[in-house]
Number of protein chains: 2
Amino acid sequence: MATRSSQPTVLLVEDEPAQREVLAYNLEAEGFAVARASDGEEALLSVKEALPDVIVLDWMMPGVSGIEVCRRLKTRAETRDIPIIMLSARSEEVDKVRGLETGADDYIVKPYSVAEFMARVRKELRRTRPSTVGEELRHEDIMLDAQTHRVTRDGAEVKLGPTEFRLLATFLERPGRVYSREQLLDRVWGRDIYVDTRTVDVHIGRLRKALTQFGGDDPLRTVRGAGYSLG
Amino acid sequence: MATRSSQPTVLLVEDEPAQREVLAYNLEAEGFAVARASDGEEALLSVKEALPDVIVLDWMMPGVSGIEVCRRLKTRAETRDIPIIMLSARSEEVDKVRGLETGADDYIVKPYSVAEFMARVRKELRRTRPSTVGEELRHEDIMLDAQTHRVTRDGAEVKLGPTEFRLLATFLERPGRVYSREQLLDRVWGRDIYVDTRTVDVHIGRLRKALTQFGGDDPLRTVRGAGYSLG
DNA sequence: TAAAACTGTTACACAACTGTCACAAAAGCA
DNA sequence: TGCTTTTGTGACAGTTGTGTAACAGTTTTA
């Protein structure tokens, strides 16, 4: 099966560089490793070299076409289980059927939104690698698993209330980044909830207490006049 | 000019709530403050209230259209310098020309990727507020990261108070440039705060002390009768 | 249903930062 | 050189920002 690194790998097969880089940018922003290929031949080589966790495949390509790549991968035992998402500029029903017939797992018609694209990729990854899709956040010895709603520090379980959990999750998305109290209220409490900004301080205090209950340094940093950050 | 808070402010003018929130979410994720408006009238009010650092303007809107908002802002002296990015569903060259003719600084045709959108916003901000975008300011061995709010010299972390931090950030925007005490008060303290100009001297002293605490030359230069500069 | 867990607010203590001053030191000038 | 102007800086009091315990109200759990 596919690699077992902490990040899932996405093989992106698209001959148009601009298109390819936009998608790559978004995938990488979400923490996926991206392998690139600009035609069918490269794609087959790349798969042979290192099995990706999911393949995004453009229909129209010079040389070996996307549909042909798909057919070949789906007939080989060791690549059969890798989900394939087909991209196509054609919207005709005929093509959609043909795409899925050759074994593609999903089919996205251009033009599509990046959000839709990302959602489809996540969906396929969830099937094959349920634990690693956006569900696990780490920073140093702190680990948060959104799937099981658990937090551990240095292996020891840390019990957090819902608010502290979301707060920590927010910090873990971008360790080091300073969030103002207003931003934290926005993200953790929600856009139109009115709570005093000092409430943030109290919850920060509670999160600190929970994270240091078994010893260990305080991982949260207070930036006077600006807000808080993790690390 | 625009506000002097640590975050750049983006005014987002878009009548379609879903669209607006997607963009707002991404802007906020990158640390920008977002002001929202859902039509041209609101937009003009918002600008009057607090000058943003960049304006993102939908072309098609009920009431005062985007293009009209753009025209009005570009004819007023105090808003002329705020970069405007137009969004449009039309791809015809005609519109593009019309958009830029009214003074828009950039023009994005839907559908666009979020990555592209963010890149354009960053580009405009880089022109007008170089310090707060691109996240990292350097000069020789001094490095300031606005995102994480950290300063290092020769790799060693330098702890600065809020005022010293802003002061250094100002100098780093244009190393070598000499700022008068009045200019520094304007930029670092804010336009309508009244403090004695000698206060600047004291903070310069504190900044010097912090930057040389582990040895190293004093990177700040006193220009007698004129002010101070970095390097 | 009662107990436990969680929430937001407040008040107070404490720490960090601020601006001003006074005087010392340095730089310019005649 | 002596005199004037400008800058450096330690001290200090006042201000502002942050940490946290306590509490009452609410929600969740058993």
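Residue contacts for Arg198(B): at a heavy-atom cut-off of 4.0 Å it reaches a base atom on one of the strands shown. Looking at heavy-atom distances under 4.0 Å, Thr222(B) makes contact with sugar-phosphate atoms alone, never a base. As judged by a 4.0 angstrom heavy-atom cut-off over every strand, Tyr228(A) is placed among residues touching the sugar-phosphate backbone only.
Whole-Å rounding puts the Leu184(B) CG to dT18(C) C1' distance at 17 Å. The interatomic distance linking Asp196(B) (CG) with dT20(C) (P) rounds to 5 Å, in whole Å. One can place NE2 of His203(A) at 14 Å from C1' of dG19(D), the figure rounded to the nearest angstrom. Look at NZ on Lys159(A): it is 15 Å from P on dT28(D), rounded to the nearest Å. We find that CZ of Arg181(B) is positioned 15 Å from P of dG19(C), with the value rounded to whole Å. Following rounding to the nearest Å, Lys209(B) (NZ) and dG10(D) (P) show an atom-to-atom distance of 6 Å. Rounded to whole angstrom, the span from the CZ atom of Arg166(A) across to the C1' atom of dG8(C) amounts to 14 Å.
Among the nucleotides dG10(D), dT18(D), dT7(C), the one closest to any side-chain atom of Glu164(A) is dT7(C). Relative to the side chain of Thr163(A), the nucleotides dT20(C), dT18(C), dT7(C) differ in distance, and dT7(C) lies closest.
If you check distances only, the side chain of Arg206(A) does reach the base of dG8(C) with a donor-acceptor pair under 3.5 Å. Looking at Arg224(B), its side chain has no donor and acceptor atom pair within 3.5 Å of the base of dT7(D).
Here Arg208(A) pairs with Asp218(A) in a salt bridge; the nearest charged N to carboxylate O distance falls below 4.0 Å.
Look at Trp189(A) and you won't find any side-chain N or O under 4.0 angstrom from OP1 or OP2 of dT7(C).
Inter-residue side-chain proximity for Val56(B) and Val13(B) is flagged as unmet; no heavy-atom pair is nearer than 4.5 Å. Counting only heavy atoms from C-beta outward, the side chains of Ser229(A) and Leu220(A) never approach each other to under 4.5 Å. When side chains are defined from C-beta on, Val200(A) counts as touching Leu185(A), because their heavy atoms get closer than 4.5 Å.
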